[in-house]
Amino acid sequence: MKSCLIRKNAWFVIFSRDFLSKEKRLFDSNKEEIRNFNIDTFSFISFLMLIIGLILFACSLFFSYKLAYTLFTAVFYAIALILAVLFKLAGSNSFSVLPLTYLATAVINGATIFASIFANSEMHLAVSFTCMQIIMPILLFDKSLRVNIYFIVVYIIHTVLIFLVKPSNVASLDFMGTTVFSLAGLLLGTYLRYTRLLLIDKERILTFQRDTDVLSGLSNRRMLFIDIEKLMKLPVLSVIMFDIDHFRIFNDTYGHIAGEDCLRSVCDCFKEIEKEYHIKFYRYGVDEFTALATEYSLTELAQIVEKTRLRVENMNKFFMHGINGHVTVSAGYALIKTEPGMTAETCLKYADDALYLAKENGRNRTEAYVMES
């Protein structure tokens, strides 16, 4: 990714196919981060709309404005209240937030068009509309093609209405002002949106590198201790320790490149289990791995651990010194009732003791740590 993409031929590159394809890739790679940005931004905007709507409605009653103006401000406030609730719910639910952002933007655009044209059609210049044509393209975080088409349509609607409703001299001034500001808003919004995308993508990559083991693709030991400290606040925590059987012999026999390939194959099995269950795997050591879960009974946990062991064994990855001639894993697991003062090391030790027992009893097996009642 060249950071100077927009700086080269800035007036034209934002409409190019190359730019749109690179922007699409950035959007596809950072969907969750973009969703969170839109929720945070438009939750705040909805809150501002509530305050503004309440003030306008109060003023319309106090100063005895036209009934149409009073009804408009009441509707504006009601919609702002609904949007504020929906954006609040979006933070804890997985439904698409993008339609809500366009709805909120449309409400704001509708309000500014009303203020520009119908509130005082003979004298009022389109100041509020031109301001929103600068601000909203910057705040609306979606692919540039959709955003720009949307604001061009809004601009066309406003332009048609000003020439239908306003005197020609006022309409001409509005046309010049809105055209300049709409074009500036589209260009500035596209540039800042792309810049923001680059920063989000860079932060995502840095976070991934910080929290992920590069070889295995699993979360690293640092994330293990962060997550286990959080999960220890729950009443019950499941900890599992895995160890590849005789991995050092495998490395000595076939070499480090084959050893790395073996690790990746085993970790692919772990990732498959992650997709099937609410469980997260971490690389703990060279050939040691940890998994955390919170939703399963001891019986259910035993079934998941055994299924994981079988998944590795059924890879049928040849190992002349391995159990039955294959790469296998041993596992120890513990269902821990968390207590005040308990440490992450203590929780890991329970599972590690069970893993040691699995090795002592012949490897390629699972053992549970039974806590004393």
Side-chain angles (χ1 to χ4, degrees), residues 1-28 30-31 33-35 37-42 44-46 48-49 83 97-117 124-164 166 170-201:
M1 179 65 63
K2 295 181 179 179
S3 60
C4 60
L5 178 62
I6 292 182
R7 291 199 294 270
K8 294 181 179 180
N9 303 320
W11 290 97
F12 305 103
V13 75
I14 62 172
F15 303 107
S16 70
R17 182 178 298 177
D18 183 52
F19 167 76
L20 293 176
S21 64
K22 290 183 177 179
E23 185 192 50
K24 180 180 182 301
R25 185 184 66 79
L26 287 170
F27 266 95
D28 291 342
N30 299 278
K31 289 180 180 179
E33 291 81 1
I34 292 168
R35 183 178 188 274
F37 179 91
N38 277 326
I39 290 175
D40 293 341
T41 300
F42 281 88
F44 180 70
I45 289 175
S46 299
L48 288 180
M49 290 168 64
L83 286 171
V97 76
L98 201 56
L100 290 179
T101 63
Y102 276 97
L103 178 59
T105 306
V107 172
I108 294 171
N109 287 136
T112 56
I113 289 175
F114 178 84
S116 169
I117 296 173
H124 193 285
L125 295 177
V127 176
S128 57
F129 180 79
T130 54
C131 288
M132 289 301 104
Q133 286 295 92
I134 285 284
I135 296 171
M136 294 314 296
I138 295 173
L139 296 179
L140 185 56
F141 204 1
D142 189 20
K143 294 174 183 176
S144 291
L145 186 61
R146 284 201 293 251
V147 173
N148 291 341
I149 289 174
Y150 169 80
F151 281 102
I152 288 171
V153 170
V154 171
Y155 162 77
I156 292 172
I157 292 172
H158 180 265
T159 300
V160 171
L161 288 174
I162 60 175
F163 280 106
L164 289 176
K166 291 190 175 185
V170 178
S172 298
L173 288 173
D174 275 357
F175 173 72
M176 288 188 291
T178 55
T179 300
V180 171
F181 280 94
S182 294
L183 180 60
L186 292 181
L187 293 173
L188 184 61
T190 302
Y191 175 77
L192 292 178
R193 192 179 308 112
Y194 186 76
T195 302
R196 191 183 302 136
L197 268 174
L198 289 176
L199 291 175
I200 288 175
D201 193 58

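A quick note: this is a predicted structure, and the numbers were derived from the prediction, not measured. Here, residue 1 is the first one in the sequence, and each next residue gets the next number.
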Student: List in chain and number order the residues that pass ring-ring contact (aromatic ring centres under 6.0 Å, His included) with F27, two or more places apart in sequence or in another chain; answer none if no residue qualifies.
Tutor: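 Listed in chain order: F141.
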Student: What residues, two or more places apart in sequence or in another chain, satisfy side chain to side chain donor-acceptor pair (under 3.5 Å) together with T101?
Tutor: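 Here no residue qualifies.
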Student: Under the side chain to side chain donor-acceptor pair (under 3.5 Å) test, which residues partner R196, sequence neighbours left out?
Tutor: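 Residues passing side chain to side chain donor-acceptor pair (under 3.5 Å) with R196: none at all.
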Student: Restricting to side chain to side chain donor-acceptor pair (under 3.5 Å), what partner residues turn up for T41, sequence neighbours left out?
Tutor: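 Listed in chain order: nothing, the list is empty.
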Student: Can you check whether M132 reaches I135 side chain to side chain, under 4.5 Å on heavy atoms?
Tutor: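 Sidechains of I135 and M132: in contact.
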Student: Can you name the residues that form a side-chain contact (heavy atoms from CB on, under 4.5 Å) with T105, not counting sequence neighbours?
Tutor: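 side-chain contact (heavy atoms from CB on, under 4.5 Å) list for T105, sorted by chain: F42, N109, M136, L140, Y150, F151.
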Student: Taking side chain to side chain donor-acceptor pair (under 3.5 Å) as the definition, give me every residue that meets it alongside R193, ordered by chain and number, with sequence neighbours left out.
Tutor: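 Result, side chain to side chain donor-acceptor pair (under 3.5 Å) vs R193: S144.
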Student: Looking at CD1 of I157 and CD1 of I162, how far apart are the two atoms once the value is rounded to the nearest 0.5 Å?
Tutor: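 If I round to the nearest 0.5 Å, the distance is 13.0 Å.
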Student: Is the backbone of I108 close enough, under 3.5 Å, to the side chain of T112 for a donor and an acceptor to pair up by distance?
Tutor: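 The answer is yes, because a donor-acceptor pair under 3.5 Å joins these two groups.
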Student: Does F181 CZ have over 12 foreign heavy atoms under 6.0 Å away?
Tutor: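 Open.
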Student: Would you say that more than 12 heavy atoms from the other residues, nucleotides or ligands in this model lie under 6.0 Å from the CZ of F163, or not?
Tutor: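 Yes.
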Student: Is the backbone N or O of T179 less than 3.5 Å from a side-chain atom of S182, with the two atoms forming a donor-acceptor pair by type?
Tutor: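 Checking the backbone N and O of T179 against the side chain of S182, no donor-acceptor pair under 3.5 Å is found.
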Student: How far does CG of D28 sit from CD of E23, to the nearest 0.5 angstrom?
Tutor: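 Here the rounded value is 10.5 Å.
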Student: Report the C-alpha distance between Y194 and L198 in whole Å, list the side-chain angles of each, state the deciding distance to 0.1 Å, and finish with yes or no for side chain to side chain contact (heavy atoms under 4.5 Å, CB included).
Tutor: CA-CA 6 Å; Y194 186 76; L198 289 176; 3.6 Å; yes
Student: Please tell me if the side chains of Y191 and T195 come closer than 4.5 Å, counting only heavy atoms from C-beta onward.
Tutor: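 Heavy-atom side-chain distance check passes, below 4.5 Å.
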Student: Any salt bridge (charged side-chain N to carboxylate O under 4.0 Å, His left out) involving residues 144-164? Give me the pairs, sequence neighbours left out, ordered by first then second residue.
Tutor: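 Of all non-adjacent pairs touching residues 144-164, those that pass salt bridge (charged side-chain N to carboxylate O under 4.0 Å, His left out) are D142-R146.
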